[in-house]
There are 2 protein chains.
Amino acid sequence: MHPALQKQIEGKISLSAEQEQLVSNCYKSRQAKKGEILLEKGNVARYLYFVVKGCLRVFLTKDDGSEWTRFLIFEDHFGTAFPSFVQQKPSVAAIQSMEPSELFMINRQDAQMLMKEIPGWETMMRLGLEQDYIASIERIESLITLDAKERYNILMQTQPGLIQRLPGKIIADYLGISQETLSRLKSKK
Amino acid sequence: MHPALQKQIEGKISLSAEQEQLVSNCYKSRQAKKGEILLEKGNVARYLYFVVKGCLRVFLTKDDGSEWTRFLIFEDHFGTAFPSFVQQKPSVAAIQSMEPSELFMINRQDAQMLMKEIPGWETMMRLGLEQDYIASIERIESLITLDAKERYNILMQTQPGLIQRLPGKIIADYLGISQETLSRLKSKK
DNA sequence: GTGATTTATTGACTATTGTCAATCTTTTTA
DNA sequence: TAAAAAGATTGACAATAGTCAATAAATCAC
């Protein structure tokens, strides 16, 4: 099994040799170029991705051509177009690789099989889900209670790496503001 | 066991008599008056609530006295100040009963014990969590991609009951807008 | 490396939403 | 039921953020 995946599991569950083999077989490796689209809007999200290296962006497109970043997935994190993956229905969001990325991917069936077959696996998934849900709650709070500048300041404090690594236009649509407004915030503050 | 709770479980898991007794013992019944505070900001959320009748509001308060509704929990739904409940740390949000409410409550320890002891219970919880997470993702999308009027229109389409049942000021801070703006949206559209 | 493309900044103007205040309506409660 | 409290509406104005356009800077591809 790939050491990055191993690292996610160790300390949470201990696997037998056969279990480790089972897990290892479920995850397929994949590379993605910068800018490459992994899931197009309208298709079903068949895979949950694990980012070994690089960064994925889950984003929304509107008819006027505007784009909005729903989530960013960095190293050592899992992610996908979650509603589509869970419900196996067409996704309103697309997934794009923001950098040359090294990924592992698992389909829904296999993900469910592992939860059924490996004791503790579902618990591990649930705990991850709890963390993701908490992060999304905090994002909602920041969107309803703070203005653009405050949201940007918090992002700088909590995720400085994100700001250095991604173009400002992506930061802007992640924060729910325009690129121009973000540019002005950066100089004003 | 109370029929409303029973209804949540039936079709998902079948419980033995002892298991049913175990579940039943974990849930304590509670009434709450309209306006009553169930959790104050700064305290740890000890309970996950199930709403049999009525409505709970999980909300944030800022120093200037403004309030913002993080979540609303209606009949046949579970909810609490989730980050605090999961991490057992002081809550930034408070919980208030918006109507005379009939509730069941379970503490974190018992909730975890049921997941450990009853086969299928954790799966049921995980599926509920997935749904809540999806709902929160959709709320984020609506906050970053839509303006106030569009958000209000969608809320009217998807949750008309919510709008009839709660005061406009609550609808407004749930949507992340001021009461005055909401009032103007209602007459303009 | 150099041209081409993408990204960032800045100005001018507009649109949306917020704030404050006054008034009106509804609901609660004694 | 009447007084009080809470909620809703409206106007005037301010502030925040968006849009369009031009230019500058950075990055990419060959």
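As the structure is a prediction and not an experimental result, all values here were calculated from the model. Below, chain A is the first sequence line, B the second, and so on; all start at residue 1.
Counting only heavy atoms from C-beta on, P167(A) has its side chain closest to dA8(C) among dG7(D), dG18(D), dA8(C). Taking the side chain of E180(B) as heavy atoms from C-beta on, and the options dT17(C), dT19(D), dC20(C), the nearest nucleotide is dC20(C). The side chain of Q179(B) lies closest to dA8(D), out of dG18(C), dT28(C), dA8(D). Among the nucleotides dG18(D), dG7(D), dT28(C), the one closest to the side chain of K34(B) is dT28(C). Listed nucleotides: dG18(D), dG7(D), dT7(C). Nearest to the side chain of K169(A): dT7(C). Set against dG18(C), dA8(D), dA17(D), the side chain of T181(A) has dA17(D) as its closest nucleotide. If you check dT9(D), dT10(C), dT16(D) against the side chain of D147(A), the one that comes closest is dT16(D). Side chain of S183(A), nearest nucleotide from dT9(D), dA12(D), dT10(C): dT10(C).
How far CD of E141(A) is from CG of L143(B): 11.5 Å, rounded to the nearest 0.5 Å.
For the pair K62(B) NZ and dT19(C) C1', the computed distance is 14 Å after rounding to whole Å. Atoms CG (L185(A)) and P (dT16(D)) sit 11 Å apart, rounded to a whole Å. Atom-to-atom, CE of M98(B) to P of dT27(C) comes out at 14 Å; the value is rounded to the nearest Å. Computed from coordinates, the K186(A) NZ to dA24(D) P distance equals 19 Å when rounded to whole Å. Residue R184(A) contributes atom CZ, which lies 14 Å from atom C1' of dA15(D) at whole-angstrom precision.
A single hydrophobic cluster is seen to contain both M105(B) and L38(B), as judged by linkage of ILVMFWY side chains at heavy-atom distances under 4.5 Å, directly or through other members.
F104(B) has its ring centre less than 6.0 Å from the ring centre of H2(B).
At the heavy-atom level, G35(B) lies nowhere under 4.0 Å from the strands shown.
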* Derivation of the ring pair (Phe, Tyr, Trp, His ring centres under 6.0 Å) call for Y133(B) and F82(A) -> CA-CA 9 Å; Y133(B) 183 36; F82(A) 192 77; 4.8 Å; yes

